[in-house]
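Presented below is the structure to which this report refers.
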Amino acid sequence: PGEVIILWATGFGPTIPTAPPGVAVPGSSYPTASSPTVTVDNIPAIVYGAALAPGSAGLYQIAIQVPPSLSDGDWPIQASIGGTLSPAGTILSVHQ
């Protein structure tokens, strides 16, 4: 709980500036055009940023802080961007 972690994902949509399709992006930043939201056990996580991962094509990294109020366990985690939800069934294991 309270740790900052990086989530890896695909399908987070357009970036600013527009990233070249199908090409690994250079080290410069390509943040998402919209800000995502992330919940862990339906508790909002602080999202520090979301951008394409340098050296990858279509792979995003999302920096979040795990909600400090979570207890130990396996909790559902879900992201949303532009009204589209990530698939259900993904869990985050939390241990102090």
Side-chain angles (χ1 to χ4, degrees):
E3 291 287 327
V4 175
I5 63 172
I6 303 294
L7 305 174
W8 300 89
T10 60
F12 273 70
T15 60
I16 297 173
T18 301
V23 176
V25 295
S28 59
S29 181
Y30 284 88
T32 56
S34 299
S35 296
T37 60
V38 176
T39 59
V40 183
D41 193 33
N42 292 318
I43 300 169
I46 294 173
V47 177
Y48 291 103
L52 283 169
S56 297
L59 180 64
Y60 294 82
Q61 50 190 18
I62 302 97
I64 69 161
Q65 180 181 24
V66 177
S69 61
L70 285 175
S71 57
D72 288 357
D74 296 329
W75 304 110
I77 183 168
Q78 195 160 41
S80 174
I81 191 162
T84 301
L85 291 173
S86 63
T90 303
I91 62 165
L92 178 68
S93 293
V94 175
H95 299 282
Q96 295 192 33

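Quick note: residue numbers are just sequence positions, from 1.
For the residue pair Ile43 and Ser69, the shortest heavy atom distance occurs at CD1-OG, 3.8 Å. Across all non-hydrogen atoms, the minimal contact from Gln61 to Ile6 is CB-CG2, 3.7 Å. A pairwise comparison of heavy atoms in Thr15 and Tyr30 identifies CG2-O, 3.4 Å as the closest pair. For the pair Thr32 and Pro36, the tightest heavy-atom approach, listed with the atom from each and the gap, is OG1-CD, 3.9 Å. Counting all heavy atoms, side chain and backbone alike, Ser93 lies closest to Asp74 at OG-OD1, 2.6 Å. Listed here is the closest heavy atom pair of Ala19 and Val25: CB-CG1, 4.0 Å.
We find the CG-OG distance between Leu52 and Ser29 to be 9.0 Å, quoted to the nearest 0.5 Å. Note that CG of Leu7 and OH of Tyr60 are 14.5 Å apart. Values are rounded to the nearest 0.5 Å.
A chain of hydrophobic side-chain contacts below 4.5 Å, direct or via other Ile, Leu, Val, Met, Phe, Trp or Tyr residues, connects Trp75 to Ile5. Hydrophobic clustering, with ILVMFWY side chains joined whenever heavy atoms are under 4.5 angstrom apart, keeps Val47 apart from Leu59.
For Asn42, the CG atom counts as loosely surrounded, since its 6.0 Å shell holds 12 or fewer non-hydrogen atoms of other residues, nucleotides or ligands.
A heavy-atom distance below 4.5 Å is found between the side chains of Ile77 and Val38. Side-chain contact check for Pro1 versus Val94: some heavy-atom pair is nearer than 4.5 Å. Side-chain contact between Phe12 and Ile62: present, with at least one pair of heavy atoms (C-beta onward) separated by less than 4.5 Å.
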Using residues 82-89 as the side-chain source, report each donor-acceptor pair under 3.5 Å to any protein atom, sequence neighbours left out, with the distance given to one decimal.
{"unit_1": "Ser86", "atom_1": "OG", "unit_2": "Ala79", "atom_2": "N", "d": "2.9"}
{"unit_1": "Ser86", "atom_1": "OG", "unit_2": "Ala79", "atom_2": "O", "d": "3.3"}

